[in-house]
Amino acid sequence: IEKTPFCGTKDESAMEHMNELSTLSNLFSDDIKLRTYFVAKIFPFSLKDAAKIWFNSLSPGSLTSPIALVNAFFQKYFPASAQHAAVQKIFDFEQGKGEILPESWTRFCSLIRALPKEPLPKNELLDIFYNGLTDESKSYLDSCAGCVFRERTPAEAEELMAKISRNHDDWT
């Protein structure tokens, strides 16, 4: 597995970097606490240039836990203004012209993954997704759901979207 170091430039995504480290930690354990520990251990080796200088300039003992490390990193490289902009992209979600439902779902999920934690409860996120769809996609989704899609529980809705995406992948 080749991991590109995070340098701290404007064109890099701090969230994407941490997601890659989290994926890498999955190789070592399924336990969330152990994965967090592994992320903290490999984190210094994943930095380069300005990001490495930032990390090395932290006061010894200032990071008392892996969570404190993640929070310090996001405070530096994913400040509140950037997080707000990412949340606004979720609120502004609209299905693109010519974009099929599984593509819309994948894009919407990537908007959510671009944040350190889910910004809203799942049922509200599903409402935003549904409201951003074209009328044709809403009708299709309601038909697949056997009722109004938004009446499904978040778990049922996510399962349905996963089935629709798998079916699409199988046919294409």
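If you read the sequence from its start, that first residue is 1, and numbering goes on from there.
- A centroid separation of less than 6.0 Å is found between the aromatic rings of Phe73 and Phe6.
- Closest approach of Phe149 and Met161 over heavy atoms only: CZ-CG, 4.2 Å.
- Shortest non-hydrogen contact noted between Ser59 and Ser62 is O-OG, 2.7 Å.
- The distance from the CD atom of Glu99 to the CD atom of Glu94 is 11.0 Å, given to the nearest 0.5 Å.
- Hydrophobic clustering keeps Phe28 apart from Val70 (ILVMFWY residues linked when any side-chain heavy atoms are closer than 4.5 Å, directly or through intermediates).
- Looking only at distances, no side-chain donor or acceptor of Lys76 sits under 3.5 Å from a matching main-chain atom of Trp54.
- Scanning both residues, Arg35 and Ser25, for their nearest heavy atoms gives CB-OG, 3.4 Å.
- Taking all atoms of both residues into account, the shortest heavy-atom contact from Ala51 to Gly8 is CB-N, 3.9 Å.
- When only modelled atom types and interatomic distance are considered, Asp31 and Ser29 share no side-chain donor-acceptor pair under 3.5 Å.
- Between Arg152 and Glu159 there is no salt bridge, since no side-chain N of the basic residue sits under 4.0 Å from a carboxylate O of the acidic one.
- Contact annotation: the side chain of Leu111 never approaches that of Phe129 to less than 4.5 Å [non-hydrogen atoms, C-beta and beyond].
- Note that CG of Leu101 and CG of Leu141 are 5.5 Å apart. Values are rounded to the nearest 0.5 Å.
- Annotation: side-chain hydrogen bond (donor to acceptor under 3.5 Å, both in side chains) contacts involving residues 128-138, sequence neighbours excluded, comprise Gln95-Thr134, Gln95-Ser137, Tyr130-Asp142, Asn131-Arg150, Thr134-Ser137.
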Chi angles and distances behind the side chain to side chain donor-acceptor pair (under 3.5 Å) call for Gln88, Asp92: CA-CA 6 Å; Gln88 191 60 50; Asp92 293 342; 3.0 Å; yes
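- In this structure, a donor-acceptor pair under 3.5 Å is absent between the side chains of Asn19 and Arg113.
- Closest approach of Pro154 to Leu126, counting heavy atoms only: CA-CD1, 3.5 Å.
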